[in-house]
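In what follows, a single structure is set out as structure tokens and then discussed.
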Amino acid sequence: MSRRQYPFHLIEPKWQQAWDEQQTFRAFNPGDSVPGHHPFGQRHQLAGKTPTAAELPAKYYILDMFPYPSGAGLHVGHPEGYTATDILARYRRAAGYNVLHPMGWDSFGLPAEQYAVKTGQHPRITTEQNIANFTRQIKSLGFSYDWSREVATTDPDYFRWTQWIFLQIYNAWFNPETSKAESINTLQYPADCDTEEKKRAYRDSKRLAYVSEAPVNWCPELGTVLANEEVIDGKSEVGGFPVLRKPMRQWMLRITSYAEKLLADLDTIDWSDSLKEMQRNWIGRSEGAEVDFQVAGSSEKIRVFTTRPDTLFGATYMVLSPEHKLLKVITTEEQREAVGDYQAFAATKSDLERTELAKEKTGVWTGAYAINPVNGEKIPIWIADYVLASYGTGAIMAVPAHDTRDFEFAQKFNLPVVQVVQPNDPKTGWQGFTDDGVSVNSGFINGLPTPEAKRKITAWLEERGVGKKTINYKLRDWLFSRQRYWGEPFPIVWKNGQHAALPESALPVLPPTLEDYKPTPDGQPPLARATDWVNLPDGSKRETNTMPQWAGSCWYYLRYLDAKNGSGFVGSEAESYWMGSSSSSTITSQPTTKSTPGVDLYVGGTEHAVLHLLYARFWHKVLFDLGHVSTPEPFFKLVNQGLILGEDGQKMSKSRGNVVNPDDVLKEFGADAFRLYEMFMGPLQDTKPWNTRGVEGVYRFLGRVWRLFVDEKSETEFEQAETVAADAQSQRELLDLIKVDARIQHSAATPAQLKTLHTCIKKVTEDLEAMRFNTAISAMMVFVNEAMTWEAKPLAALKTFLQLLAPFAPHVAEELWDRLHSAFPIPRAALVYAPWPKFDPALLVESEIEIPVQVNGKLRDVIKVAADADTAAIEAAAKASEKVKAFLDGKAIKKVVVVPRKMVNIVAG
RNA sequence: GCCGGUGUGGCGAAAUGGCAGACGCACAGGACUUAAAAUCCUGGGACCAUAAAAAGUCGUGUGGGUUCAAGUCCCACCACCGGCACCA
């Protein structure tokens, strides 16, 4: 190991301890009393007071996606986002905001449960150990979290409110009239609901949380069902195990009611286009029409969904999904066996097989015919598994000429192909043409371009009552129950086959203690083992499913606002202060401070693009509709940090052996160097490989910063004394041996020095606003490289530089800040809350500037002119250049382009 | 297949349409040192040329285009990464 650049090993624990003891990063809620000694209070003249929301400065809520505390501990990917948010949190504090920057634990989850199954040890123990390790690691990085707001989803004081929110959802329905969730009590019953039993059934069919018997994604290996979003290519997202379709009784949340709002409100939030696009694709809105086809020789009708009603004249057959209800009725005697066999074949296919075999179309004829409503033609009805039961109506009209899948199917089974759309480009063939064109062979819509043809034929269908305009979504309801132990139990009991909510007074519903955490031999969830717990005195039984891991993460950002509240999931005053959009009036002295509704900045990985982020938005909207929160969206601005790859450029993984452990990096280079490197690697959003040599680079930079401030001779004395010191405590006391460099003086800076400093202030400030951390750091490197050459180092300039450095490398900045205040008779102020420096544009003005001169677009010389030189003067100076003259020799000047302060281009020929 | 993103030195990267490669890594030479480490200084896209230089030519994935001027804007294509994928 090379020589230590500066005593970070003593400085970092020292300041972490000081921040902890002084609760430096505590965020104050309206109604909290601000201790007299707290630097936040001193900065904002609130010391010893109990400010209201209006008296507090503008809020800034900056949030990290809380981690699952795994046994493996932190890897270098976690702190990337955390460092970015920490830098911004510190910057915003300095800028005068009341900053909320919390951390917590998404601590329910499978690994702790699997360990419990193996060892019999309660998952809570594993979870607590892992949280302790994560806490240690995160704290060692010097992040400015307000730990007094720490939450863990596994804490009963937390999940009682997760259960409470579930009850709000359970006791609500989506009123299509108002487009809002409302209390189930506002539900109007149809006339035929004339008994209590019928009313109950109707009510239960409308709740936002309901029970379904539908086929679900069953993963035998994990012993649980999974949500559609948790199944990737027919395999479980966790572990990659096969997933089967299996009918089971499950809790569902009616997220589909919110499809339109979830889609539309994406336009109101500041997320990356790619992320919004992923959510849009997942919601999958498509406009089209439902059309009824009469079954020939039967009173039955088959309803299909199509996005291309204009191709109705080209429908040459029809396809039902193998699960379609009408198959029983319409299948002819001769085809019954073939259809039955095919249904069995499709049912046994796992999702994986369905996906893998997707290339080859399969299906059988039902023997039945349908009548095409536009031309009365008889077309055969088939079944095939390329039609999904769960989308649209589970049935389609097949237009092989203009749909790729129908075309493949028609080819295989020799079904007729009829052209009904003519491509606009005559060179394009019509077979398999799926884009817009002009209708042909289509009766009354002939000659119409596709959009108009759609409108006209839809109107025609509506007039005759055989079809109507419809919107469909790919989004499915959220499968919300899991057959797990380590999750929130449902606050639900069953009696006589009916479910009922437990009263709020029964919360939290704690999971029972078990000897064995496996599912029961007959396939019941683990909770079913606890018969004492399951069976209640009145004969009812508890629900034995638990909630999925996503439940706790759907609202944790709200709990942070008021983490200790015992009477509600969040207090309304705290909620409206931190989530509301109204700017505080007391911040008028800071014109740049402006707050946004909801979480001001949310940073996390892309892996949550459609799971967590969609679920949390859904819950938030329900809570908004029910009046519990004040904004329709939870996360105003969201940024995804990029992946950090191993040194080999591959994804970090244990099996590749390229995982970098932050603990090792910290030990050798310290937290400040680690933080700085994570940000210096490149833009936050980019994927980038780790390089330990790069850490050394920023570490050397911090060493130069240190040497800019301290006397080298005293540093050497310290190092010699330190090597023989008995323990860390006596080593730390030796730090006082290090003296401030004698060249630092309480004197005025030269114009050149001020320019260097203010260039740096400007660049760092602008880059922080735009989250360009890498270039901000390079600006500070430029400053230090320059300042190292100064013979006299003005105190004020160096102090200001430390403020710029502080968000990035807070420990070394605090230490040097502290030393300057000890060495000079200047009033002591807390670095964390010291007002952010402002740059003075007047100091950046140049009297003379260099301007490049091009001839025919090629650089030929650089000339010096007065900064305010006008076009004519610059042109004259350019033409006077000897080098330029050489290139103009013998040529006529055709044109001269002069951009004042920028460049000159002489066009000659 | 569809959607989104990214392609710049040996490497990580930087550049409101206006001097491509800031800053850092690695590398080379020098200073300090008995020596090394650390530190400090200097150099550096490629090609051509040269004793050394100067000058010159080329250069931001490929091919076109717009412009006095293109890494940046437009069109077509290629490669890689991420997401979705029989969604009618």
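Lettering of chains follows the sequences in order, A, B, ..., and the numbering in each one begins at 1.
- Of all nucleotides listed (B/C23, B/A14, B/G83), B/C23 comes nearest to the side chain of A/Met781.
- Per the geometry, CG belonging to A/Asp767 stands 11 Å off P belonging to B/U16, to the nearest Å.
- B/A28 and B/C81 have their P atoms separated by 34 Å, given to the nearest Å.
- A ring-centre distance under 6.0 Å is not found for A/Phe680 and A/Trp690.
- Put simply, A/Lys858 has no side-chain N or O that comes within less than 4.0 Å of OP1 or OP2 on B/A20.
- In a base pair of the Watson-Crick type (N1 to N3 plus N6-O4 or O6-N4) or a G-U wobble (N1-O2 and O6-N3), with each distance short of 3.5 Å, B/U39 is matched with B/A31.
- Using a 4.0 Å cut-off between charged side-chain N and carboxylate O, A/Glu408 and A/Lys412 make no salt bridge.
- Distance from the side chain of A/Asp403 is smallest for B/A88 among the nucleotides B/A88, B/A22, B/C86.
- Phosphate contact (OP1/OP2 of B/G12, side-chain N/O of A/Asn774, threshold under 4.0 Å): absent.
- Taking the O4'-C1'-N9-C4 or O4'-C1'-N1-C2 dihedral as appropriate, B/G12 has a value more than 90° from 0 and is therefore anti.
- Regarding contacts with the backbone of B/G5, every side-chain N or O of A/Ser272 stays at 4.0 angstrom or more from both OP1 and OP2.
- Within the structure, every side-chain polar atom (N or O) of A/Arg4 is placed at least 4.0 Å from both OP1 and OP2 of B/U39.
- Straight-line distance between the C1' atoms of B/A31 and B/G5: roughly 48 Å, to the nearest whole Å.
- The listed nucleotides are B/U16, B/A88, B/G12; the one nearest the side chain of A/Met681 is B/G12.
- Checking B/A76 for Watson-Crick or G-U wobble geometry (two distances, each under 3.5 Å) identifies B/U62 as its partner.
- A/Arg285 places its CZ atom 23 Å from the P atom of B/C2, with the value rounded to the nearest Å.
- Dashed line: the shortest gap from a side-chain N or O of A/Gln5 to OP1 or OP2 of B/U39 is under 4.0 Å.
- Contact check on A/Glu882 versus A/Lys885 returns a salt bridge, with a Lys/Arg side-chain nitrogen under 4.0 Å from an Asp/Glu carboxylate oxygen.
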Using nucleotides 65-69 of chain B, report all nitrogen or oxygen pairs with the protein that are shorter than 3.5 Å.
from, atom 1, to, atom 2, distance (Å)
B/C68, O2', A/Asn905, ND2, 2.9
B/C68, O2, A/Asn905, ND2, 2.8

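- When the P atom of B/G83 is taken as reference, atom CD1 of A/Ile283 falls 19 Å away, rounded to whole Å.
- Counting only heavy atoms from C-beta on, A/Phe680 has its side chain closest to B/G12 among B/A15, B/C19, B/G12.
- A gap of 15 Å separates the P atoms of B/C11 and B/U62, to the nearest Å.
- Ionic pairing of A/Asp648 and A/Arg656 is not present here: no N-O contact between side-chain nitrogen and carboxylate oxygen is shorter than 4.0 angstrom.
- Across all strands shown, B/G82 forms a Watson-Crick or G-U wobble pair with B/C3, both key distances being under 3.5 Å.
- Nucleic acid contact class of A/Phe887 (heavy atoms, under 4.0 Å, all strands): sugar-phosphate only.
- If you check every strand for non-hydrogen atoms under 4.0 Å, A/Arg704 touches sugar and phosphate atoms only.
- Checking B/A51 for Watson-Crick or G-U wobble geometry (two distances, each under 3.5 Å) identifies no partner in any strand.
- In the set B/A14, B/A26, B/C86, the nucleotide with an atom closest to the side chain of A/Arg693 is B/A26.
- Comparing B/G12, B/A22, B/A88 by their nearest atom to the side chain of A/Lys688 picks out B/G12.
- Annotation: B/C78 and B/G63 have their C1' atoms spaced 10 Å apart (nearest Å).
- Per the geometry, CZ belonging to A/Arg860 stands 15 Å off C1' belonging to B/A54, to the nearest Å.
- Without hydrogens or angle criteria, A/Ser714 side chain to A/Asp711 main chain gives a donor-acceptor distance under 3.5 Å.
- Within the nucleic acid shown, A/Arg476 comes within 4.0 Å of at least one base atom, counting heavy atoms only.
- Among the nucleotides B/C84, B/C19, B/A88, the one closest to the side chain of A/Ser286 is B/A88.
- With distances taken from any side-chain atom of A/Asn281 to the nucleotides B/C3, B/A15, B/C40, the minimum falls on B/C3.
- Separation of the A/Phe669 and A/Phe674 ring centroids does not fall under the 6.0 Å cut-off.
- Rounded to whole Å, the separation between the C1' atoms of B/C32 and B/C40 comes to 8 Å.
- Between A/Arg285 and A/Glu260 there is a salt bridge, with a side-chain nitrogen of the basic residue lying less than 4.0 Å from a carboxylate oxygen of the acidic one.
- Annotation: B/U57 and B/C48 have their P atoms spaced 16 Å apart (nearest Å).
- The residue A/Ser274 sits close only to the backbone: its heavy atoms come under 4.0 Å of sugar-phosphate atoms, none of a base.
- The residue A/Asn785 sits close only to the backbone: its heavy atoms come under 4.0 Å of sugar-phosphate atoms, none of a base.
- Going from atom CE of A/Met679 over to atom P of B/A14 covers 13 Å, rounded to whole Å.
- When both distances must be under 3.5 Å, the Watson-Crick or G-U wobble mate of B/U8 does not exist.
- Under the Watson-Crick or G-U wobble criterion, with both distances below 3.5 Å, B/C68 is paired with B/G18.
- On the P atoms, B/G29 is 13 Å away from B/A37, given to the nearest whole Å.
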Query raised in the report: Could you walk me through whether A/Trp271 and A/Leu613 pass the side chain to side chain contact (heavy atoms under 4.5 Å, CB included) check?
Result: CA-CA 11 Å; A/Trp271 295 13; A/Leu613 288 173; 4.1 Å; yes
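- Note: CD1 (A/Ile777) to P (B/A14) measures 12 Å, nearest angstrom.
- Between B/U60 and B/A15, the distance separating the two C1' atoms is 11 Å to the nearest Å.
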Please list every donor-acceptor pair under 3.5 Å in which a side-chain atom of residues 853-865 of chain A meets a protein atom from a residue at least two apart or in another chain.
from, atom 1, to, atom 2, distance (Å)
A/Asn856, OD1, A/Ala908, N, 2.9
A/Asn856, ND2, A/Ala908, O, 3.1
A/Asp861, OD2, A/Ser881, OG, 2.7

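- Using a 4.0 Å cut-off between charged nitrogen and carboxylate oxygen, A/Lys762 and A/Glu766 count as a salt-bridge pair.
- Residue A/Gly284 is classed as having no contact, given no heavy-atom separation below 4.0 Å to the nucleic acid.
- Looking at heavy-atom distances under 4.0 Å, A/Thr606 makes no contact with the nucleic acid at all.
- Summarising the geometry, atom CD1 belonging to A/Ile396 is positioned 8.5 Å from atom OG1 belonging to A/Thr306; distances are rounded to the nearest 0.5 Å.
- For B/A26, one of the phosphate oxygens OP1 or OP2 lies less than 4.0 angstrom from a side-chain nitrogen or oxygen of A/Arg700.
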